[in-house]
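In listed order, ligands and their atoms are each counted from 1. Numbers for residues simply follow the sequence, beginning at 1.
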Amino acid sequence: MDQALVENDAVKKVYSHPADNTLSVGISTDDFVAYVNSNASDCDVHVVDFSVDPSAAAPAAAAKNQQQQQQSSKKSSKKQVEAGKTLLALRWKKEEDFAQWYSDVIVLSELISYYDISGCYILLPWSYSIWECIQEFMNVRIKGDLKTKNCYFPLFVSKDRLEKEKDHVEGFAPEVAWVTKGGTSDLASPVAIRPTSETIMYPTFSNRIQSHRDLPLCLNQWSNVVRWEFKDPTPFLRSREFLWQEGHTAHADHEESSKMVMDALEMYRATYEDLLGVPVVPGYKTEKEKFAGGYRTTTVEAYIPCSGRAIQGATSHDLGQNFGKMFDIEFQTSSGGKETAWQTSWGFTTRSIGVMIMVHGDDKGLVLPPRVAPVQVVIVPIVSKACTYQEINPYCQEIANALTKDGSGIRVEVDDRTIYNPGWKYNHWEQKGVPIRIEVGPRDLKERSARIVVRYSGEKFDLSFDSNDESKFGEMISKKLEDIQAGLFAKAKEVRDSHIVQVTEWKDFVPALEGNNLVLTPWCGGEHQEWEEWVKEKSREESLAAKNMEGESETTATSVAAKTLCIPFKQPDLPAGSKCIASGLEATCWVLWGRSY
Ligand code: 86X
């Protein structure tokens, strides 16, 4: 309790929310302190002088943006946390300081813990469960539609093998992590930790593929990979070790392999949109932005409203015969000739969880779409002297049983812990993003009803729990979860759609970026890579001028320059005579630009 409240005689009453966020009780400070210190409550009053500036260091979460903190040191010192104290609420609003907000959300919701190696994070059960939901969703499709089998290849790769294809590794070499010792003795030849598994898997493809009868060969692995990056890391979005799935397939002809590329991309679209509620734009990467080792790259691009930035959600590559030639993946055709296999590769990472957090989260914390929420419904009993746990718990349990029985499959938790009061629990589960809270008080017990509170909208209503037809209650909650899933997606899509603007003249380009938009422009197409470079430089210059800044740091992960995100599959009409935004040449398509992560 704030010391000023206790000592200041002018303060006649303090207001608290003893049982319910929507009800306040005002009593004198003396009575309040006496009550809390009495046996009636489980805790004691601690008087804290809030006017004293806590000198303790900021936690790791807040340490990240030190520069920013120094710029607004007055603001941030107020928001530092005393060492050893837990945060009770987010210190930052999403719109106020997006990076700090994100740090607070992932820690308070217990998704992430920090670790003593930069760029590495602990995925706590709350985030790992989400990853398991993603795996479940995707495995059905990987094994079903994509007819691809899971497998596991080694983590380590020899230097010779990794560098077998120089061109493939070249640009990436600085990111490769190496093991050079076993115990104290140097290894005869160091081994790399996989940054991706082409060189690890493709020799196996070469061995196993001899005849057209061996095709298609479609393998997927779920694994960790390491890329030792030096840009600022951000949990989920850019970490040195991350989890992913990588699919690698080989086919007898290009028709079949290009279909695989599209089918894998459709799985990614579905995972983002139908599971995570995050709208994405599917399309082709330009020549400049595609995976250099392949023939063509497709992508799903997401949009982060608060930063106005795009982020690559996942990619699916048409490798053509490039890797087949490098790794001798040849097969005997049915007519007896020899042909190189046609390959694809596709990957989806834990970055997706970060995108989901950024898109749906709010000032109270995480907001989870029901389909990936580890707990979809939390039931909180409201206890008091007049209504004890012994009285109310059986009813809460009855409700929980109704929601879980007959394999209705709702993930329910009854929070019947006695060490926390209901207000604390509401806050806790709101921060963790649980889609539905069911509050059960004495009145609900008497009337056999329950109060339903929806996390993302704040909607509240009473629902009757009819003892003759409990399945009705379960159906209503199931339906509500589906509505929430659809509602979250619709809300995100509306925001995203309103931030894609069509621009046909260069003068409108940077102003559109400055308005946090992605920009669709007519474009002269693939052969003119230098014009993408031109847009990058020109947009950087004009953006810096608009922001009154002189230059950009080399280590910041994000730049103010725009790059192409994709050539969307879904193209608006291109009026005849449209000119490329950059070159002024005849436009052949619309291309999507944006600042990106
Ligand atoms: C490119 C290509 C591809 C399978 C995917 O995008 C989906 C899943 N792989 C990955 N890429 C690299 O090839 C690469 C190679 C090395 Cl050696 C590295 F250190 C980093 C890399 N990053 C990306």
Side-chain angles (χ1 to χ4, degrees), residues 119 134 138 142 146 148 150-179 190-205 217-231 233 237-250 257 260-265 267-268 271 282-285 288-301 311-320 322-324 326-327 329 343-352 557 565-566 597:
I134 292 172
M138 285 189 27
I142 288 169
L146 303 183
T148 296
N150 282 334
C151 60
Y152 187 81
F153 281 74
L155 167 69
F156 296 118
V157 50
S158 68
K159 191 171 193 313
D160 283 355
R161 197 184 264 241
L162 185 70
E163 290 171 0
K164 172 165 161 66
E165 190 19 66
K166 279 267 189 304
D167 293 344
H168 165 52
V169 182
E170 207 173 25
F172 299 115
E175 296 177 8
V176 178
W178 293 90
V179 176
V191 292
I193 301 172
R194 66 173 159 239
T196 178
S197 302
E198 281 79 357
T199 58
I200 301 174
M201 294 169 89
Y202 293 171
T204 301
F205 275 67
L217 178 58
C218 304
L219 299 178
N220 177 68
Q221 84 174 355
W222 291 95
S223 76
N224 57 340
V225 282
V226 171
R227 294 179 185 173
W228 208 259
E229 294 201 57
F230 290 92
K231 289 178 181 169
L237 295 196
R238 178 179 290 105
S239 52
R240 284 177 164 173
E241 179 184 1
F242 56 87
L243 305 183
W244 76 350
Q245 63 66 223
E246 53 180 319
H248 295 267
T249 72
S257 65
M260 180 57 107
V261 171
M262 291 303 178
D263 290 350
L265 198 76
M267 169 174 73
Y268 295 154
T271 308
Y284 297 108
K285 282 288 185 190
K288 180 167 186 288
E289 297 294 335
K290 75 169 194 185
F291 172 40
Y295 163 68
R296 191 153 70 175
T297 295
T298 65
T299 175
V300 288
E301 300 284 325
I311 186 159
Q312 180 170 303
T315 52
S316 176
H317 309 287
D318 180 343
L319 300 176
N322 294 0
F323 281 91
M326 299 179 323
F327 288 88
I329 307 173
Q343 289 178 272
T344 79
S345 78
W346 22 281
F348 183 104
T349 81
T350 37
R351 160 181 278 200
S352 54
L565 307 170
C566 69
Y597 277 98

Q: Mind checking whether E198 has an N or O less than 3.5 Å away from an N or O of ligand 1?
A: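 By distance alone, the answer is yes.
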Q: Nearest protein heavy atom to atom 13 (O) of ligand 1, by residue and atom, and its distance?
A: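 Nearest protein contact, heavy atoms only, for atom 13 (O) of ligand 1 is H168 CE1, 2.8 Å.
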Q: Taking side chain as C-beta onward, heavy atoms only, is Y268 less than 4.5 Å from T298?
A: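 Y268 vs T298: side chains apart.
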Q: For F205 and Q343: C-alpha separation, side-chain torsions, deciding distance, then whether side chain to side chain contact (heavy atoms under 4.5 Å, CB included) applies.
A: CA-CA 10 Å; F205 275 67; Q343 289 178 272; 4.3 Å; yes
Q: At a 4.0 Å threshold, what atoms of ligand 1 neighbour a non-hydrogen atom of T315?
A: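 Going through ligand 1 atom by atom, the ones under 4.0 Å from T315 are 6 (O).
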Q: Could you walk me through whether T344 and S257 pass the side chain to side chain donor-acceptor pair (under 3.5 Å) test, one step at a time?
A: CA-CA 6 Å; T344 79; S257 65; over 6 Å; no
Q: Go through the steps to decide whether T297 and H317 satisfy the test side chain to side chain donor-acceptor pair (under 3.5 Å), and finish with yes or no.
A: CA-CA 4 Å; T297 295; H317 309 287; 2.9 Å; yes
Q: Just heavy atoms, cut-off under 4.0 Å: does W346 contact ligand 1 by side chain, backbone, both, or neither?
A: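 Near ligand 1, W346 shows its backbone, while the atoms from C-beta on stay back.
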Q: Regarding ligand 1, does R227 bring an N or O atom to under 3.5 Å of one of the ligand's N or O atoms?
A: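 Right, the criterion is met.
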Q: Considering only non-hydrogen protein atoms, determine which one is nearest to atom 6 (O) of ligand 1 and report residue, atom name and distance to 0.1 Å.
A: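 Result for atom 6 (O) of ligand 1: H317 NE2, 2.7 Å.
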Q: What's the shortest distance from atom 7 (C) of ligand 1 to any protein heavy atom, and which residue and atom give it?
A: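 Here the closest protein heavy atom is G347 N, 3.5 Å.
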Q: Looking only at protein heavy atoms, which one is nearest to atom 12 (C) of ligand 1, and how far off is it?
A: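 Here the nearest protein heavy atom works out to F172 CE1, 3.2 Å.
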Q: Provide, to 0.1 Å, the distance between atom 1 (C) of ligand 1 and the closest protein heavy atom, together with that atom's residue and name.
A: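 Scanning the protein heavy atoms, the shortest distance from atom 1 (C) of ligand 1 goes to F291 CE1, 3.6 Å.
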Q: Counting N and O atoms only, with roles assigned by atom type, does the side chain of R194 sit under 3.5 Å from a partner on the main chain of V157, one being a donor and the other an acceptor?
A: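 Absent.
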Q: V176 heavy atoms, cut-off 4.0 Å: which ligand 1 atoms fall inside?
A: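 Selected atoms, number and element: 17 (Cl), 19 (F).
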Q: What atoms of ligand 1 come closer than 4.0 angstrom to any heavy atom of S345?
A: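 Result: 3 (C), 4 (C).
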Q: Indicate yes or no for a side-chain donor-acceptor contact from T148 to the backbone of L146 under 3.5 Å, with no hydrogens or angles considered.
A: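 Judged by distance alone, yes, a pair lies under 3.5 Å.
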Q: Among protein heavy atoms, which lies nearest atom 17 (Cl) of ligand 1, and at what distance?
A: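 Here the nearest protein heavy atom works out to P195 CG, 3.4 Å.
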Q: Counting only nitrogen or oxygen atoms and a 3.5 angstrom limit, does E175 reach ligand 1?
A: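 Between E175 and ligand 1, no N or O pair is found under 3.5 Å apart.
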Q: Check whether any side-chain heavy atom of C566 sits under 4.5 Å from a side-chain heavy atom of Y284, and report yes or no.
A: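 The answer is no; the side chains never approach within 4.5 Å.
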Q: Over 60° means perpendicular and under 30° means parallel, so classify the ring planes of F323 and F291, tilted if in between.
A: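 Taking F323 first and then F291, their aromatic rings lie parallel (interplane angle under 30°).
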Q: Checking K290 side chain against Y295 main chain: does a donor-acceptor pair fall under 3.5 Å?
A: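 A pair under 3.5 Å: yes.
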Q: Could you tell me whether some N/O pair between H248 and ligand 1 is separated by less than 3.5 angstrom?
A: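 No; the residue has no nitrogen or oxygen that sits under 3.5 Å from a nitrogen or oxygen of the ligand.
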